[in-house]
2 protein chains.
Amino acid sequence: MEPPPPAPQPPVDLAALADQLRPAVLKLSRHLRREAQKVGVSALDAQLLGMIKLSPGAGVSDLADLEQMSRPSMSAHLKRLEAAGWLTRQANAPGGDKRRVGLVLTPKGAQALLAIKRSRNDWLAARLAALSASELCALAAGLAPLGRLVEVKS
Amino acid sequence: MEPPPPAPQPPVDLAALADQLRPAVLKLSRHLRREAQKVGVSALDAQLLGMIKLSPGAGVSDLADLEQMSRPSMSAHLKRLEAAGWLTRQANAPGGDKRRVGLVLTPKGAQALLAIKRSRNDWLAARLAALSASELCALAAGLAPLGRLVEVKS
DNA sequence: GTAGATAGTTAGGCTTCCTAATATGTTGAA
DNA sequence: TTCAACATATTAGGAAGCCTAACTATCTAC
């Protein structure tokens with residue numbers, strides 16, 4: 001008879017959580033951008049290369065959706081990566097859609113990706129190394145829900 | 001005699017953790033920026049107002065350090081907030097340093113801050129509301145170490 | 001075929017952030 | 001006291017990243 005209680009637990013103050021999460025994320029992303037600039041390759045670039053490596057032939061829209069970014073923005077990033085010689089636009093697959101571009105890594109791009117990953121002694125990893133094991137566990141555990149926050153809605 | 005082992009636990013793959021954290025943070029900050037633009041007040045603005053409210057008389061450098069941002073960047077933000085009529089530069093305190101500016105909220109600024117906080121039914125809180133209680137707990141627990149990542153070194 | 005959806009690009013603009021240089025004020029040591 | 005070194009803040013100029021609107025080319029369905 002009684003309606004289900006809104007939440008079994010005291011419902012965790014969402015606003016407070018948001019107010020803690022927001023500044024941390026903003027500061028962290030500032031740092032990431034700054035560090036990336038020193039290195040010359042942005043975190044996004046590395047990620048895009050990785051994504052293309054994993055699913056070669058992906059299109060601009062696919063990547064834009066995955067990264068939750070506008071198509072023009074993604075297009076510009078890819079243009080830059082192509083100009084760097086790190087990826088190419090594949091001729092359309094047989095029976096293919098002539099509108100689509102099939103993005104694939106060049107050997108140079110694959111090499112660049114490896115180099116980036118190898119030099120992942122970067123700022124973030126260094127900062128992580130300063131945390132205790134239990135802190136790292138907590139962080140790792142919190143990562144899944146964090147990921148869900150930015151999940152693509154199906 | 002034996003040297004202390006590098007880590008009692010298998011040392012949590014820092015690189016893997018970083019590779020998970022980075023994209024989540026980047027995506028989230030993109031979302032935050034996009035949403036903030038719709039509303040017209042950036043998350044940083046709100047935060048600055050809050051910081052000034054808590055410690056009136058703070059200087060540009062203080063805030064820049066807290067937010068871990070260059071002084072010119074902070075200066076520009078504050079200029080914008082001042083132009084909006086949300087804060088003023090106090091005349092120097094008695095016996096004060098004439099270089100420093102003492103930042104204080106105007107009544108209008110305090111009001112704006114309240115309005116912003118009240119309308120914290122924003123995107124992030126909404127997204128958080130979609131998580132389960134246990135996910136929220138995990139997220140909340142992970143927040144402390146996340147904060148430590150961007151902590152100011154003393 | 002032709003209307004509408006889809007893939008991608010171009011054009012133009014905004015925000016946020018940075019470094020380098022400058023103006024002004026403070027302090028300490030010769 | 002006077003001047004060099006330092007600190008605070010701003011101005012100037014520029015780069016990165018993102019967006020919307022508008023356009024081209026292609027595809028699908030009627």
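So that the names make sense, note that chain A is the first sequence line, chain B the second, and so on, each numbered from 1.
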Starting at atom NE2 of B/H77, determine the distance to atom P of C/dC18, rounded to an integer number of angstrom.
8 Å
Tell me whether the side-chain N/O atoms of B/S70 come closer than 4.0 Å to OP1 or OP2 in C/dC18.
yes
Pairs under 3.5 Å (N/O, protein and nucleotides 5-9 of chain C):
from	atom 1	to	atom 2	distance (Å)
C/dT6	O4'	A/R99	NH1	3.4
C/dT6	O2	A/R99	NH1	2.5
C/dG8	OP1	A/V60	N	3.3
C/dG8	OP1	A/V101	N	3.0
C/dG8	OP2	A/V60	N	3.2
C/dG8	OP2	A/S61	N	2.8
C/dG8	OP2	A/S61	OG	2.9
C/dT9	OP1	A/R89	NE	3.2
C/dT9	OP1	A/R89	NH2	2.3
C/dT9	OP2	A/S75	OG	2.4
C/dT9	O5'	A/S75	OG	3.3

Ignoring backbone atoms, test whether B/S42 places a side-chain nitrogen or oxygen under 4.0 Å from the OP1 or OP2 oxygen of C/dT15.
no
For a quick check of understanding: with a heavy-atom distance under 4.0 Å over all strands, which category does A/R33 fall into, base, sugar-phosphate or nothing?
base
Tell me: CG of A/D45 to C1' of D/dG17, nearest whole Å?
11 Å
Is any side-chain heavy atom of B/V150 less than 4.5 Å from a side-chain heavy atom of A/L26?
no
Whole-Å gap separating C1' (C/dC18) and CZ (A/R30)
12 Å
If I compare all heavy atoms of B/T106 with all of B/G85, which pair ends up nearest, and what's the gap?
OG1-O, 2.6 Å
What heavy-atom pair brings B/L124 and A/L149 nearest, and what distance separates the two atoms?
CD1-CD1, 4.3 Å
To the nearest angstrom, how far is B/R34 atom CZ from C/dC14 atom C1'?
15 Å
In whole Å, I'd like the distance from the CG atom of B/L103 to the P atom of D/dA9.
8 Å
Protein-nucleotide distance (B/K98, atom NZ; C/dA23, atom P), rounded to Å
19 Å
Figure out the CD/P separation between A/E35 and D/dA16, and round it to whole Å.
16 Å
What is the distance, to the nearest angstrom, from the NZ atom on B/K27 to the C1' atom on D/dG17?
17 Å
Side-chain contact test, heavy atoms from C-beta onward, threshold under 4.5 Å: evaluate it for A/Q90 versus A/V101 and give yes or no.
no
In terms of heavy-atom contacts, B/A46 and B/L113 come closest through O-CD1, 3.7 Å
For the pair B/R30 (side chain) and A/E67 (backbone), establish whether a donor and an acceptor sit closer than 3.5 Å, ignoring hydrogens and angles.
yes
Considering non-hydrogen atoms only, spot the tightest contact between A/P56 and A/V104 and give its length.
CB-CG1, 4.0 Å
